[in-house]
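Both counts, for ligands and for their atoms, begin at 1 and track the order of listing.
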Amino acid sequence: MRWQVALDEVSAGYAGRPVLRRLSARVPAFATTALVGPNGSGKSTLLGVIAGVIPVAAGEVAHRTDGRPAFVVQRSRVADVLPLTVRDAVAMGRWARRGPWRRLSRADRQVVETSMERLGIADLAGRQLGELSGGQRQRALVAQGLAQDAELLLLDEPTTGLDLAARQLITDVLAEAVAEGATVVQATHDLDAARQAKCVLLLQEGRLVAAGTPEAVLTGDAVERVWHSPRPAGTSVPADRPV
Ligand SMILES: Nc1ncnc2c1ncn2[C@@H]1O[C@H](COP(=O)(O)OP(=O)(O)OP(=O)(O)O)[C@@H](O)[C@H]1O
């Protein structure tokens, strides 16, 4: 299996708060990987480490390619007060490639329009981001990520809070991106979406407790163990086979 990102014994967190603990994993290239686990298990932190925005305290993160990843954050963390139209916000995805002071080319503008169309928000292009519903805003942020044309697309809960049709749309768009040669990593609480991924990394309390295919990782037993029965502090959890 070719990997896009290799993490070896990675520890990382925030000032005075270690989160990830000696985490080793491979993210397969040209496929979708789902990061799953309970609230606070470290999914967003792991995405931030892969994106390079959270430094590692120990261990190593290697990328197969040099390109900058596209990182789509949770909608609640985006400042809605910025006076940006949807088109402006999606165009920011092109600036990430070109630098903010360069004029966008005709080809860039075409990518922006296509990204909005793929997410079904072309009719919202002139609306202010802050005036949109949560689901519309979320689609705009995914369109911004898509517009970056990055080899590695990282998304933090891209389908949380969306209706069924919007969830399926985003799942389909991400599958298309993979078919076109991208590698996608998404943190998600949506186990149905995780079951459609090629690889699942299951986190609990900052540790990788299982990794592999959805069938191997998301067993009834594992779901029960990780989500429904908090284990006493200090108890070790057996790791399933590494990716
Ligand atoms: N900016 C921060 N500063 C300090 N601690 C943080 C920060 N962000 C997250 N944490 C802590 O790090 C731990 C892991 O959080 P993280 O957001 O990575 O988990 P998560 O699995 O993505 O959770 P959720 O499913 O709730 O989004 C939590 O204990 C959280 O309180």
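When each of Leu203, Leu23, Ile50, Leu20 is checked for a side chain to side chain contact (heavy atoms under 4.5 Å, CB included) with Thr45, only Leu20 meets the rule.
Remark: ligand 1 and Gly42 share an N or O pair separated by less than 3.5 Å (distance only, no angle test).
Ligand 1 places these atoms under 4.0 Å from at least one heavy atom of Pro38: 21 (O). In the vicinity of Glu157, heavy-atom distances shorter than 4.0 Å reach the ligand 1 atoms 24 (P), 25 (O), 27 (O). Those atoms of ligand 1 that come under 4.0 Å of a heavy atom in Thr45, given as number and element, are 14 (C), 15 (O), 16 (P), 18 (O).
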Apply side-chain contact (heavy atoms from CB on, under 4.5 Å) to residues Leu153 and Phe71 and explain how you reach the verdict.
CA-CA 6 Å; Leu153 181 53; Phe71 190 14; over 6 Å; no
Should Thr65 and Glu151 be marked as a side chain to side chain donor-acceptor pair (under 3.5 Å) after you check the CA-CA gap, both sets of side-chain angles, and the distance that decides it?
CA-CA 8 Å; Thr65 51; Glu151 287 173 295; 3.2 Å; yes
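No side-chain N or O of Gln168 forms a donor-acceptor pair with one of Thr159 less than 3.5 Å apart. The closest side-chain donor-acceptor pair between Thr188 and Glu157, if any, does not fall under 3.5 angstrom.
Grouping the Ile, Leu, Val, Met, Phe, Trp and Tyr side chains by contacts below 4.5 angstrom, directly or via other members, places Tyr14 with Leu35.
Within the 4.0 Å heavy-atom criterion, both parts of Lys43, backbone and side chain, lie near ligand 1. When non-hydrogen atoms are compared, ligand 1 lies under 4.0 Å from the side chain of Val19 (C-beta onward) but not from its backbone.
When Gly40, Gly13, Ala15 are checked for heavy-atom proximity to atom 14 (C) of ligand 1, Gly40 turns out nearest.
Heavy atoms of Gly37 come nearer than 4.0 angstrom to ligand 1 in no pair at all.
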